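One structure is given below, encoded as structure tokens.
Below, each value reflects all heavy atoms present in this structure, side chains not excepted, and no hydrogens, waters or symmetry copies. Chain naming here is simple, since letters A, B, ... match the order of the sequence lines and numbering starts at 1 in each. No experiment lies behind these values; they were computed from the predicted model shown.
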Amino acid sequence: MRLSNLFFTTLRDDPADAEMPSHRLLLRAGYVRQLGAGIYSLLPLGFRVSKRVEQVIREELNAIGGQEMEMPVVHPADLWRESGRYFKIGPEMARFKDRADRDMVLAMTHEEVVADLLRDIVRSYRQLPFIIYHFQTKFRDEPRSRGGLIRVREFVMKDSYSCDRDEAGLDAAYWAHHRAYTRIFERLGLKAIPVSSDVGMMGGSLAHEFMFLHPAGEDVLVLCEKCDYAANRQIAPLTVAAPEAEDPLPMEEVHTPETTTIDALATFMGIPTSKTAKAVFMVTGDGRFVVAIVRGDFELNETKLTNAIKATGGMRPAQLDEILARGMQAGYGSPIGARDSVVVVDSLVAKSPNLVAGANKPGYHLKNTNVGRDYTPDVVADIANVREGDACPNCGSRVILRNGIEIGNIFKLGTDFTVPLGAEYLGEDGERHPIVMGSYGIGLGRNVACIVEAHHDEKGLVWPAEVAPYPAHLVAIGANKDPRVTEVAEQLYAAAAACGDASQVLYDDRNESPGVKFTDAELLGMPWILTVSSRSLAAGGVEVTERATGARSIQSIEQVTAFLEGRAATPA
RNA sequence: CGGGGCGUGGCGCAGCUUGGUAGCGCGCAUCGUUCGGGACGAUGAGGUCGGAGGUUCAAAUCCUCUCGCCCCGACCA
């Protein structure tokens, strides 16, 4: 491809809106353009990267027996009513009516469509198992998109679905995906850590997320310093030992002015935060008011809380008036005196004697509160966040916390969709059984962005060869001074073009100064920069620069030609 | 949804406080010179100042409403 003809432009200045390197560089180098919040166009260069990522995924999924197909983006709402998700999912699902006034939705994912196809097509156990997948657009109206391409509302995802006779089959398909994902991320140049994760709105019994470590990641991972334990903090169990038993002391109200935070309270009382109980007021999506009690030295884990009380529709912090309406007091909140509420107490609180809790009265706390004696929780469960340095649930060593970006996930769905939709097969035993499903996703754009996060420098993009839009960037310098430069450059370009894909090389044939061409070549980030100039010709051929290392050498025209024709792995 | 910020030519920005003919850098076009690290000169094109309403003799500037985008949080896979 000649740069003089490529649909792109590079920007000298950083766009004001772009903060993350991936966002900034992909905009500046002319790979993508933003259309709206969380909605992007892929320009030809960006599209080629995306297609190459797609190809890596395709190859590895085909290798585990995946069959590629395509499912629609627009679905009848009835299908989502059948699974129940039409009612469970909030405004993040786009809903509209067609001209005949039928309710329609934009696909957020495709479990329903798969289950619908299964009930239509699968009759016998002989047709199982199989894995189907597609690359398709999803729309999720996230309340907030951020970080450029990392978190968008419209995106292409590879989603695959395993369909099995039983749990054992699902298990095999699940781990086959696990292995395929490991190979995919390796090939993409992404260090991906598989972590155990919450099953979330997908339901199911087992799930892993493949995480790319990044400070801007929205998930917190719990990683063991010693062993290979790795989990999303949303589900990492708390392993903190119960404090030593104490005799319960009489409960006592104390005046504690202006101590609306745990820190202020602990300082005022002269006690460690671990001797306090913190009340967090939440409202569930299904309308319940929750008083969650964790120890003062811990934070509430909303995912654990959600699971502990089987809340649907998520959870939000309660508003002040909602708290007051139930006779409780923000800043001095307490389970004692809670009414019209679900009281959920963290397991560790239940084992910690004589804690200082709020009195539900401004300026007052209660000393020596004890679960069971002073109040009776509706639920006792592990609802607190693991902290850095806590003990690993696996080996007991210290855990560390890191932020991560989810670049892929695998879920054991089981029969969560096939039962409600009636996707069954007739087994060898002559009985009807629901098909057992798994669901596995990888977001293309997010992976592209993470590849950039992992592979760039101050000059620009540095694509791994596996996903680079072109293997090489050919730069002609001083073409109007020395006709041989044009001659050789054109000859190299023709050699690349002649071997099938006319796009083996990006050829900067523009009438630009050397500085512009070099700067753009580095910004665009092809793995090899091939410079033809009077100087290189005098030295015996083409100057070959490896983008990643900056290593330069002069190579013969024959050698470079062999590379461009695919006969040599590298030009140097 | 809460908090904060920003909308002025393709990109980055000034002008707004104190109303008075819309500016700068880069980019773009043409010509010439240049050609191994974002060249130089000359000439030129390009903007309903996000939108609507209002105040005023006069609005980019003041007021009201509204739309959009970014960041933090809530939220979400």
Side-chain angles (χ1 to χ4, degrees), chain A residues 8-20 23-24 27-28 30 33-39 85 88-93 108-109 111 138-148 150-153 155 157 159 197-204 207-211 216-219 232 234 282-283 285 302-303 306 313-320 404-411 439-443 446 459-460 475-482 485-486 508 510-523 529 531-539 543 545 552:
Chain A
F8 92 125
T9 187
T10 56
L11 303 175
R12 235 176 238 231
D13 300 311
D14 283 331
D17 289 348
E19 299 210 335
M20 290 184 73
H23 191 198
R24 218 180 65 228
L27 282 170
R28 272 193 57 202
R33 279 295 181 273
Q34 181 169 4
L35 182 61
I39 306 178
R85 286 158 115 191
K88 278 187 207 155
I89 295 174
E92 59 269 26
M93 182 156 70
M108 299 178 65
T109 170
E111 283 79 12
K138 310 282 188 276
F139 185 81
R140 297 179 186 176
D141 196 356
E142 303 283 353
R144 179 184 162 206
S145 51
R146 68 177 113 188
I150 298 289
R151 185 181 184 76
V152 294
R153 296 193 294 168
F155 57 98
M157 181 186 231
D159 39 328
S197 65
D198 185 45
V199 293
M201 78 162 186
M202 309 292 275
H208 281 84
E209 294 164 331
F210 286 75
M211 291 288 188
E218 299 169 64
D219 287 278
N232 193 310
Q234 290 177 330
M282 305 294 292
V283 176
E302 287 185 26
T303 303
T306 300
M315 193 165 284
R316 62 167 172 84
Q319 283 155 14
L320 201 54
I405 297 169
E406 180 191 348
I407 53 178
N409 60 41
I410 55 179
F411 280 95
S439 154
Y440 316 88
I442 297 179
R446 181 177 283 190
K459 291 174 175 172
V475 180
I477 297 296
N480 16 4
K481 209 168 61 175
D482 183 348
V485 168
T486 310
D508 194 347
R510 298 174 301 174
N511 184 22
E512 290 287 353
S513 69
V516 171
K517 290 189 175 188
F518 286 132
T519 308
D520 275 350
E522 282 154 351
L523 177 60
I529 298 169
T531 308
V532 180
S533 66
S534 303
R535 190 191 290 183
S536 78
L537 292 174
E543 182 182 83
T545 307
R552 295 185 194 188

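For the pair A:D198 CG and B:C75 C1', the computed distance is 15 Å after rounding to whole Å. One atom, CE of A:M20, and another, C1' of B:C72, lie 15 Å apart when rounded to the nearest Å. If you take CG of A:N511 and P of B:C40, they are 16 Å apart, rounded to a whole angstrom. As rounded to whole Å, 11 Å separates atom C1' of B:G38 from atom CZ of A:R510. Atom C1' of nucleotide B:A39 and atom CD1 of A:I477 are separated by 13 Å, given to the nearest angstrom. For the pair A:F8 CZ and B:C11 P, the computed distance is 17 Å after rounding to whole Å. In this structure, A:L537 atom CG and B:G36 atom C1' are separated by 13 Å, rounded to whole Å. Nucleotide B:G37 holds its P atom 18 Å from the CG atom of A:L523, rounded to whole Å.
Distance from the side chain of A:E19 is smallest to B:C71 among B:C35, B:C71, B:C69. Here the side chain of A:F518 is nearest to one of B:G37, B:C76, B:C13, namely B:G37. Nearest nucleotide to the side chain of A:Q34, out of B:C69, B:C11, B:U34: B:C69. Side-chain proximity of A:E218 to B:C11, B:C75, B:C35: nearest is B:C75. For A:T10, the side-chain atoms get nearest to B:G38 when compared with the rest of B:G37, B:C70, B:G38. With B:C76, B:G36, B:C70 as the choices, the nucleotide that has an atom nearest any side-chain atom of A:A37 turns out to be B:C70. If you check B:G37, B:C70, B:C76 against the side chain of A:D17, the one that comes closest is B:C70. The listed nucleotides are B:A74, B:A39, B:G36; the one nearest the side chain of A:P317 is B:A74.
Shown here, B:G23 forms a base pair with B:C13; the pair counts as Watson-Crick or G-U wobble because both key distances fall under 3.5 Å. Nucleotide B:G73: paired with B:C1 (Watson-Crick or G-U wobble, both distances less than 3.5 Å). The partner of B:U55 is absent, by the rule that a Watson-Crick or G-U pair needs both atom distances under 3.5 Å. Here B:G32 sits opposite B:C40 as a Watson-Crick or G-U wobble pair (both hydrogen-bonding atom distances under 3.5 Å). Pairing for B:G7 goes to B:C67, judged as Watson-Crick or G-U wobble with the two contacts each under 3.5 Å.
Defined by atom type and a distance below 3.5 Å, a donor-acceptor pair is missing between the side-chain atoms of A:D198 and A:T303.
Within the 4.0 angstrom heavy-atom criterion, no nucleotide atom of any strand lies near A:R153. When heavy atoms are screened at a 4.0 angstrom cut-off, A:E302 is found touching the sugar-phosphate backbone but no base atom. Residue contacts for A:D520: at a heavy-atom cut-off of 4.0 Å it reaches a base atom on one of the strands shown. At a threshold of 4.0 angstrom between heavy atoms, the contacts of A:G443 with the nucleic acid are absent.
Between B:G54 and B:A59, the distance separating the two P atoms is 12 Å to the nearest Å. Comparing the P positions of B:A52 and B:C16 gives an interatomic distance of 24 Å, to the nearest angstrom. For the P atom pair drawn from B:C62 and B:G15, the interatomic distance equals 12 Å after rounding to whole Å. With P as the reference atom, B:C49 and B:C76 are 42 Å apart, rounded to whole Å. Atom C1' of B:A60 sits at a distance of 14 Å from the matching atom of B:G9, rounded to the whole Å. Across the P atoms, B:C75 and B:U17 are found 42 Å apart, a figure rounded to whole Å. Nucleotides B:C40 and B:G27, compared at atom P, are 8 Å apart to the nearest Å. Of the C1' atoms belonging to B:G12 and B:C28, the separation is 15 Å, rounded to the nearest Å.
Taking only side-chain nitrogens and oxygens, A:S513 comes nearer than 4.0 Å to OP1 or OP2 of B:A39. Close to B:G36, at under 4.0 Å from its OP1 or OP2, lies a side-chain N or O of A:K481.
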message: side-chain contact (heavy atoms from CB on, under 4.5 Å), that's the test. Do A:D508 and A:V516 meet it? Break it down for me.
response: CA-CA 10 Å; A:D508 194 347; A:V516 171; over 6 Å; no
- prompt: Under the side-chain contact (heavy atoms from CB on, under 4.5 Å) criterion, do A:E111 and A:R85 qualify, and how do the steps go?
  reply: CA-CA 11 Å; A:E111 283 79 12; A:R85 286 158 115 191; 3.4 Å; yes
When you compare the protein's N or O atoms with those of nucleotides 24-31 of chain B, which come within less than 3.5 Å of each other, and at what distance?
{"residue": "B:G25", "atom": "N2", "partner": "A:D13", "partner atom": "OD2", "Å": "3.3"}
{"residue": "B:C26", "atom": "O2'", "partner": "A:R12", "partner atom": "NE", "Å": "3.4"}
{"residue": "B:G27", "atom": "OP1", "partner": "A:R12", "partner atom": "NH2", "Å": "3.1"}

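A donor-acceptor contact under 3.5 Å is not formed by the side chain of A:R316 with the base of B:G73. Within 3.5 Å, no donor on the side chain of A:R28 pairs with an acceptor on the base of B:G12, nor the reverse. For A:E522 against B:G37, a side-chain-to-base donor-acceptor contact under 3.5 Å is present. For A:N480 against B:C35, a side-chain-to-base donor-acceptor contact under 3.5 Å is present.
When the nearest nucleotides of RNA chain B are assigned to A:E543 and A:M282 by heavy-atom distance, the more 5′-ward of the two goes with A:E543. If A:S536 and A:N409 are placed on RNA chain B by their nearest nucleotide, the residue sitting closer to the 5' end is A:S536.
Considering every non-hydrogen atom in both A:D141 and A:P91, the closest pair reads CB-O, 3.8 Å. For the pair A:E543 and A:S536, the tightest heavy-atom approach, listed with the atom from each and the gap, is N-CB, 3.8 Å. The minimum heavy-atom distance linking A:F8 with A:G30 is given by the pair CB-O, 4.0 Å. When all heavy atoms of A:I405 and A:G217 are compared, the pair lying nearest together is CG1-CA, 3.6 Å. Looking at every heavy atom in both residues, A:R28 comes nearest to A:P15 through CG-CD, 3.8 Å.
A search for side-chain contact (heavy atoms from CB on, under 4.5 Å) contacts involving A:A479 returns A:V485, A:T486, not counting sequence neighbours. In terms of the side-chain contact (heavy atoms from CB on, under 4.5 Å) criterion, residue partners of A:R535 (sequence neighbours excluded) are, by chain and number, A:S533.
Side chain of A:R446 to main chain of A:I150: a donor-acceptor pair is present (N/O by atom type, distance under 3.5 Å, no hydrogens or angles).
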